[in-house]
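The structure that follows is given in the form of structure tokens.
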Amino acid sequence: MTTALRTHELGKRYGRSRHWALRDCTLDLPSGRVVALVGPNGAGKSTLLGLAAGLLAPTAGRVEVLGEDPSSGAEHLARVGFVSQDAPTYRGMSVADHLRLGAHLNPRWDERIVRERIDRLGIDPHRRTGSLSGGQRAQIALTMAIGKRPELLILDEPVAALDPLARREFMQDLMEAVAEQGLTVVLSSHLVSDLERACDYLVVLVDSQVRVAGDLDDLLASHRRMTGARRASDTGPAGQHVVTASHTDRQSTFVVRTAAPIVDPSWDAAPLGLEDLVLAYLRSDASSQRPRPTVEVVR
Ligand SMILES: Nc1ncnc2c1ncn2[C@@H]1O[C@H](COP(=O)(O)OP(=O)(O)OP(=O)(O)O)[C@@H](O)[C@H]1O
């Protein structure tokens with residue numbers, strides 16, 4: 001597996017703050033994939049992506065992007081596209097000016113892709129971006145990032161400002177760019193239903209730590225929701241790694257990670273969708289990721 005983004009005990013404190021925005025974050029993201037980075041507010045996703053884009057300098061640890069230090073210079077920057085959460089554009093400049101600037105600055109600029117997208121979006125190229133809606137500005141920033149034809153595209157909540165149809169179309173554009181250009185994408189989002197269509201690799205980040213990471217299909221295939229009669233014990237079904245547990249008076253439900261088929265007839269086992277898988281890991285206590293499982297009990 002070649003690696004698009006690798007971090008080792010990566011940490012970041014902003015300015016003189018004593019608070020770690022990201023701490024001891026170690027992960028490895030494969031190239032050639034569309035990676036969904038999900039986690040609760042404040043988990044450190046934007047900070048991680050800013051460090052990967054070379055916009056922030058680490059306070060501790062290491063980060064490597066496409067095998068290089070992200071701050072290693074202009075040649076490296078041409079290989080990486082980044083759109084931050086606020087989709088910045090130069091508000092006094094027109095859309096056409098942005099596109100000219102993109103063509104000037106980027107050696108691999110793809111005028112065809114850019115023109116097609118702008119036409120499809122129906123945005124008048126003569127308009128200043130300051131007069132566009134937030135969603136339209138996000139579309140311009142995303143178009144610029146795709147037009148750059150990077151090897152790695154890093155997107156921090158790219159679709160948050162887009163309407164549902166625009167979100168779906170953007171995800172489709174992204175998948176086409178991945179298929180045509182062999183692009184690697186790392187994108188953070190809270191909109192799990194959008195990720196399900198486009199992403200094939202999942203990372204759940206909580207408090208700077210990876211709770212789970214892996215090929216999306218493998219993860220979905222290896223997790224089950226198991227429901228059975230109320231168990232007195234908080235430990236789950238024998239031999240299964242418990243991610244979360246919840247109990248009513250009559251029933252116990254566990255989300256488990258399992259490599260083997262579940263044959264115990266006292267449990268009903270059902271597959272999980274992406275949203276439920278993500279929620280299970282967001283709810284799970286960090287200690288449940290250790291070999292000896294501990295369960296969170298929701299009454
Ligand atoms: N510029 C900054 N100065 C100081 N602290 C910051 C700054 N940006 C982020 N933080 C802090 O760093 C931590 C991680 O924030 P970050 O924005 O990376 O999380 P996130 O997972 O992207 O959250 P969200 O989903 O809400 O966008 C938070 O505690 C946040 O308050």
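What's counted below: heavy atoms across the whole structure, side chains too, no hydrogens, waters or symmetry copies. Every value quoted in this text rests on a predicted model; they were computed, and no experiment measured them. Each ligand, and each atom within it, is numbered from 1 in the order the structure gives.
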Could you check atom 24 (P) of ligand 1 against the protein and tell me its nearest heavy-atom contact, residue, atom and distance included? Asn41 ND2, 3.6 Å
How does Pro40 reach ligand 1, if at all, at less than 4.0 Å between non-hydrogen atoms: by side chain, backbone, both, or neither? backbone
At less than 4.0 angstrom from any non-hydrogen atom of His19, what atoms of ligand 1 do you find? 29 (O)
Does atom CZ (Arg13) have a neighbourhood of more than 12 heavy atoms from anything else shown, all under 6.0 Å? yes
Just distances here: any N/O of Ala21 and N/O of ligand 1 closer than 3.5 Å? no
For atom OH of Tyr14, decide whether the heavy atoms of other residues, nucleotides or ligands shown that lie under 6.0 angstrom number more than 12. yes
Under a 4.0 angstrom heavy-atom cut-off, which atoms of ligand 1 come close to Ala43? 19 (O), 20 (P), 21 (O)
Looking at Tyr281, is its backbone amide N or carbonyl O close enough to the side chain of Arg211 to form a donor-acceptor pair, meaning the two atoms are under 3.5 Å apart? yes
for atom 16 (P) of ligand 1, nearest protein heavy atom and its distance come out as Thr47 OG1, 3.7 Å
Shortest protein heavy-atom distance from atom 23 (O) of ligand 1, along with the residue and atom involved: Gly42 N, 2.8 Å
Tyr201 backbone acceptor or donor facing Arg33 side chain under 3.5 Å: no
A student checking ligand 1 against Glu157 at a 4.0 Å heavy-atom cut-off should list atoms 25 (O), 27 (O)
Decide, yes or no, whether a salt bridge links Glu116 with Arg112 under the criterion of side-chain N to carboxylate O below 4.0 Å. yes
Smallest heavy-atom separation, Glu157 atom then Ser189 atom, equals CG-CA, 4.2 Å
Check this for me: Arg128, atom CZ, are more than 12 non-hydrogen atoms of other residues, nucleotides or ligands nearer than 6.0 Å? no
For atom 17 (O) of ligand 1, closest protein heavy-atom neighbour: Ser46 CB, 3.7 Å
Distance flag for atom 31 (O) of ligand 1, protein heavy atom under 4.0 Å: no
Would you say the side-chain atoms of Asp124 pair up with the backbone N or O of His126, donor to acceptor, closer than 3.5 Å? yes
Under 3.5 Å, is there a donor-acceptor pair between the side chain of Asp200 and the main chain of Val34? yes
Please confirm whether the backbone N or O of Cys25 pairs with a side-chain atom of Thr7, one donor and one acceptor, at under 3.5 Å? yes
Determine the minimum heavy-atom distance between Leu77 and Lys148, stating which atoms define it. O-NZ, 3.0 Å
Pick whichever of Gln85, Arg13, Lys45, Arg23 has a heavy atom sitting closest to atom 20 (P) of ligand 1. Lys45
For Ser17, is the nearest heavy atom under 4.0 Å from an atom of ligand 1? no
Distance to 0.1 Å, residue and atom name: give those for the protein heavy atom nearest to atom 19 (O) of ligand 1. Gly44 N, 3.2 Å
protein heavy-atom neighbour closest to atom 2 (C) of ligand 1 works out as Tyr14 CG, 3.4 Å
Is ligand 1 less than 4.0 angstrom away from at least one heavy atom of Gly50? no
Take atom 4 (C) of ligand 1 and look for protein heavy atoms under 4.0 Å from it; say yes if you find one, no if not. yes
Heavy-atom contacts with His190 under 4.0 Å: which atoms of ligand 1 show up? List them by number with element. 25 (O)
Look only at interatomic distance and state if Gly39 has a nitrogen or oxygen under 3.5 Å from any nitrogen or oxygen of ligand 1. no
